Amino acid sequence: MESAPVVARQLIGATLLLDGVGGVIVETEAYDQSEPASHSFIGPRQWNSVLFGPPGCVYVYLSYGIHWCLNIACREVGHGAGVLIRALEPSKGIAEMIVRRNQTDVRRLCAGPGRLSQALGVTGALNGKRIDKRPFQLLVAKVQPKVVHGIRIGISKAKERQWRFGLQGSDFLSRPFV
DNA sequence: CGAACGATTAGCT
DNA sequence: GCTAATCGTTCGA
């Protein structure tokens, strides 16, 4: 149990798989109940209850009515905080991802939260499941790689917090760090 | 009850 | 670079 930005940084370099499909996480963002950009800011609701539950559970939500986005809850029960998985470098099950995405450019298969979810097969049905148990697997990096950070993407509030983290020099980011 | 918006993306100009 | 697609949740009337 750690603060969201600390977990977000630690997850860079970890390997995430869903039914054996996935790769190395290269981009994350942290969100905390204390700041208005977070889905937990308004307090517990039925739809965001996973963020207030035990750490290590996944919070999946529908963005813009179209895209599923994958988060991991990371604080104690009762405190709403989580880490959004924004991009990963495909390593396992690439052929399956290409079929699901109907798109062959490996660099863009999982470059963005919506694309990543489509490639791995993440949907709302997985909301509340644990990230370290079937059908998920999470292998944390032995050595922490070089990590860069910056402003989060797509938000209008609490922009000053540099809670977006990425693997330095990665070709698989949703957008470059400036 | 209805209008407005969002932790996005694909496709067109 | 700009906009449509698309829907659950919020907020004002």
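Quick note on labels: first sequence line is chain A, next is B, and so on, each numbered from 1. Note that these values count all heavy atoms, side chains included, but never hydrogens, waters or copies made by symmetry. Owing to the predicted nature of the structure, the values given are computational and were not obtained by experimental measurement.
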If you compare all heavy atoms of A:Phe52 against all heavy atoms of A:Gly43, which two are closest, and at what distance to 0.1 Å?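 Minimum heavy-atom separation between A:Phe52 and A:Gly43: CZ-C, 3.6 Å.
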For a quick test of reading the model, state the closest non-hydrogen atom pair linking A:Leu18 to A:Leu120 and the distance between them.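 Closest pair (atom of A:Leu18, atom of A:Leu120, distance): CD2-O, 3.2 Å.
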Assess whether one donor atom and one acceptor atom, taken from the side chain of A:Tyr61 and the base of B:dA7, lie less than 3.5 Å apart.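 Between B:dA7 and A:Tyr61, which were checked side chain against base, a qualifying N/O pair under 3.5 Å is present.
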Nucleotide [N], atom [atom2] - distance to [atom1] of [X] in whole Å:
X	N	atom1	atom2	answer
A:Leu173	B:dT9	CG	P	13 Å
A:Leu84	B:dA7	CG	C1'	6 Å
A:Gln33	B:dA7	CD	P	16 Å
A:Asn48	B:dA7	CG	C1'	13 Å
A:Asn71	B:dG6	CG	C1'	14 Å
A:Trp68	B:dA7	CH2	P	16 Å
A:Ile72	B:dA7	CD1	P	19 Å
A:Ile66	B:dA10	CD1	P	10 Å

Base-pairing mate for B:dA7 - Watson-Crick or G-U, with both contacts under 3.5 Å: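 Pair assignment: B:dA7 / none.
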Give, for atom CZ of A:Arg130 and atom CD1 of A:Ile72, the distance between the pair rounded to the nearest 0.5 Å.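 Answer rounded to 0.5 Å: 12.0 Å.
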When we call it a touch if two heavy atoms are under 4.0 Å apart, what does A:Ile155 touch: a base, just sugar-phosphate, or nothing?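 Here A:Ile155 touches the backbone only, sparing every base.
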Just call it for A:Arg164: base, sugar-phosphate, or nothing, with non-hydrogen atoms closer than 4.0 Å on any strand.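 Nothing: the residue A:Arg164, judged by heavy atoms under 4.0 Å, touches no strand.
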Can you check whether [X] has a side-chain N or O nearer than 4.0 Å to OP1 or OP2 of [N]?
X	N	value
A:His67	B:dT9	no
A:Ser156	B:dC5	no
A:Arg115	B:dA10	yes
A:Arg108	B:dT9	no

Can you confirm whether A:Asn102 is buried at CG, in the sense that more than 12 heavy atoms of other residues, nucleotides or ligands lie under 6.0 Å from that atom?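 It does not: A:Asn102 CG has 12 such atoms or fewer within range.
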Tell me, yes or no, whether the heavy-atom count around A:His149 atom NE2, taken from other residues, nucleotides or ligands under 6.0 Å, exceeds 12.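 No.
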Does A:Arg101 use its side chain to pair, donor to acceptor, with the backbone of A:Met97 at less than 3.5 Å?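 Side chain of A:Arg101 to backbone of A:Met97: no pair is present.
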Can you hop from A:Leu138 to A:Tyr59 via hydrophobic side chains spaced under 4.5 Å?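 Looking at the clustering, A:Tyr59 is in a separate group from A:Leu138.
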Across nucleotides 8-13 of chain C, 5' to 3', mark each nucleotide with B, S or - according to how protein heavy atoms within less than 4.0 Å reach it. -SS---
